[in-house]
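We name chains A, B, ... by the order of the sequence lines, and we start the count at 1 in each one.
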Number of protein chains: 2
Amino acid sequence: MNKPANAIRRGRKYDQVLDGARDVFMSCGYEGASVDEIARVAGVSKATLYSYFPDKRLLFLEVVRAECRRQVDEARKVVDIDASPEAVLRHAARRIVDFYISDFGRNVHRIAVAESARFPELGREFYLSGPAFAREQLGEFLQACCAAGVLVIDDVNLAADQFVMLCHADLADRVNFNVQTVFSGDEIERVVAGAVATFLARYRVGTAP
Amino acid sequence: MNKPANAIRRGRKYDQVLDGARDVFMSCGYEGASVDEIARVAGVSKATLYSYFPDKRLLFLEVVRAECRRQVDEARKVVDIDASPEAVLRHAARRIVDFYISDFGRNVHRIAVAESARFPELGREFYLSGPAFAREQLGEFLQACCAAGVLVIDDVNLAADQFVMLCHADLADRVNFNVQTVFSGDEIERVVAGAVATFLARYRVGTAP
DNA sequence: ACCAATGTAAACTGACCGGTTCAGTATCGA
DNA sequence: TCGATACTGAACCGGTCAGTTTACATTGGT
């Protein structure tokens with residue numbers, strides 16, 4: 001009794017299991033990953049794994065949750081700088097591009113898209129602690145710029161997402177559809193500079209609405 | 001002999017099979033779709049299905065190819081209009097938004113992202129006849145606008161992709177991660193208007209670079 | 001030394017899936 | 001009407017996988 005079906009027990013090798021599961025899920029996706037291989041990679045017996053997690057599905061959800069937390073914590077470190085909006089935006093653009101080009105970013109994105117249909121709450125959780133979180137951080141900065149009279153933005157949320165999307169121009173699709181996965185510094189610089197230029201053309205003070 | 005492993009035989013119920021396969025693949029993904037169910041949905045025996053297609057993988061690839069062709073053909077109909085760039089861009093933006101919000105667009109995108117890793121050529125094929133094709137069409141229009149002296153664009157390819165990405169602002173992520181799938185006319189209008197405004201702020205003649 | 005908790009290895013179950021086979025039926029042109 | 005071809009339905013095979021069970025080993029506190 002008193003055994004909720006979604007209970008997750010902690011134990012000595014809990015982190016081992018989660019790490020192994022992350023590696024296998026990231027490289028194989030949900031369906032492609034077998035529990036036997038996860039146990040093998042984690043250096044743990046299948047029985048131990050199942051003594052921690054009730055089933056594969058909850059193990060997967062826990063992996064994604066942990067990764068989202070990790071990403072949020074890391075992102076919180078690098079925030080506002082006391083510099084011109086242009087410099088801050090350039091910096092942010094670099095971070096955005098670097099992330100979705102990275103192996104990790106590609107895998108997380110691929111899995112989140114692929115499994116959102118099967119796991120309704122997964123998509124929401126990933127969205128909130130991923131893209132939505134980034135947009136929120138950026139929105140706060142933009143709001144400050146408006147208060148300082150440097151930018152003029154009527155819809156800050158939309159503007160923040162526009163900026164993020166401008167950073168995806170010409171790269172994201174090629175990454176997502178596995179057409180090209182490594183990019184030269186010039187290719188990245190071209191996109192970053194283009195994103196900042198287009199964004200500022202619209203929202204910097206002294207430009208027509 | 002003389003039986004290439006990748007041969008696809010035509011037959012009376014070929015289209016039935018392809019249609020059924022499309023439905024099931026679109027709603028379940030590649031791994032999630034079982035051949036038995038495809039045959040059932042197609043109203044065809046499994047044996048007939050396997051008399052057309054050598055295996056599940058090639059059936060899937062053929063479904064995607066057919067969908068890409070269909071999409072390209074349909075897109076070719078609605079092209080340039082003799083109107084202001086603003087009107088044309090608004091029209092294009094509506095089409096872009098409507099597509100990736102549609103059930104079909106969501107499914108195709110999800111599967112292309114999910115299976116690009118497993119099927120290397122699939123991602124490329126989808127990319128070329130999807131996003132890349134759209135960008136090319138748009139690029140030609142932008143080029144004409146530049147020649148007419150209405151727009152000033154140094155990097156037409158980048159600009160075209162920027163426009164497409166601006167149309168994704170604030171909607172695409174929510175769609176891709178299954179957070180929200182239906183949108184009001186106002187929500188769409190906000191994104192479309194924002195995309196056109198930002199794009200023209202950067203590239204219309206008489207604005208600072 | 002003992003016990004209880006924790007972990008291990010491996011076999012096992014039941015279900016599902018891709019693909020094959022085959023005996024029988026429907027269709028259609030000559 | 002005949003015969004070739006296409007299609008059916010169901011059984012079947014080999015394999016994989018999630019999840020369970022069992023019998024044994026390790027560890028640590030008292």
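- The nearest whole Å value for the distance from the CZ atom in A:F60 to the P atom in D:dA18 is 13 Å.
- Going from atom NZ of B:K56 over to atom P of D:dG15 covers 19 Å, rounded to whole Å.
- When rounded to the nearest whole Å, the span between OH of A:Y50 and P of C:dA9 equals 17 Å.
- Checking each of A:Y203, A:F199, A:F141 against A:F163 for a ring-ring contact (aromatic ring centres under 6.0 Å, His included) leaves exactly one that passes, namely A:F199.
- Rounding to whole angstrom units, CD of residue A:E31 and P of D:dC17 are separated by 11 Å.
- Less than 6.0 angstrom separates the ring centroid of A:Y14 from the ring centroid of A:F53.
- When rounded to the nearest whole Å, the span between CG of A:D36 and P of C:dC12 equals 15 Å.
- With respect to the salt-bridge test (charged N to carboxylate O, under 4.0 angstrom), the residues B:R190 and B:E187 do not qualify.
- Residues B:D103 and B:R106 are paired through a salt bridge, judged by an N-O separation under 4.0 Å between the basic side chain and the carboxylate.
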For nucleotides 2-9 of chain D, which of its nitrogen or oxygen atoms have a protein nitrogen or oxygen under 3.5 Å away, and what is each distance?
from  : atom 1 : to    : atom 2 : distance (Å)
D:dC7 : OP1    : B:R12 : N      : 3.1
D:dC7 : OP1    : B:K13 : N      : 3.4
D:dC7 : OP1    : B:Y52 : OH     : 2.6
D:dC7 : OP2    : B:R9  : NH2    : 3.3
D:dC7 : OP2    : B:Y52 : OH     : 3.1
D:dC7 : O3'    : B:K13 : NZ     : 3.4
D:dT8 : OP1    : B:K13 : NZ     : 3.1
D:dT8 : OP2    : B:S45 : N      : 2.9
D:dT8 : OP2    : B:S45 : OG     : 3.3
D:dT8 : OP2    : B:T48 : OG1    : 2.6

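- With rounding to whole Å, B:L58 atom CG is found 14 Å from C:dG19 atom C1'.
- The side-chain heavy atoms of A:S51 and A:R9, taken from C-beta on, include a pair separated by under 4.5 Å.
- Rounded to whole Å, the distance from CD on B:E37 to P on C:dA15 is 19 Å.
- Under the 4.0 Å criterion applied to side-chain N and carboxylate O atoms, B:E121 and B:R124 are not assigned as salt-bridge partners.
- In this structure, CZ of B:R40 is placed 14 Å from P of D:dA10, rounded to the nearest angstrom.
- If you check every strand for non-hydrogen atoms under 4.0 Å, A:A39 touches nothing.
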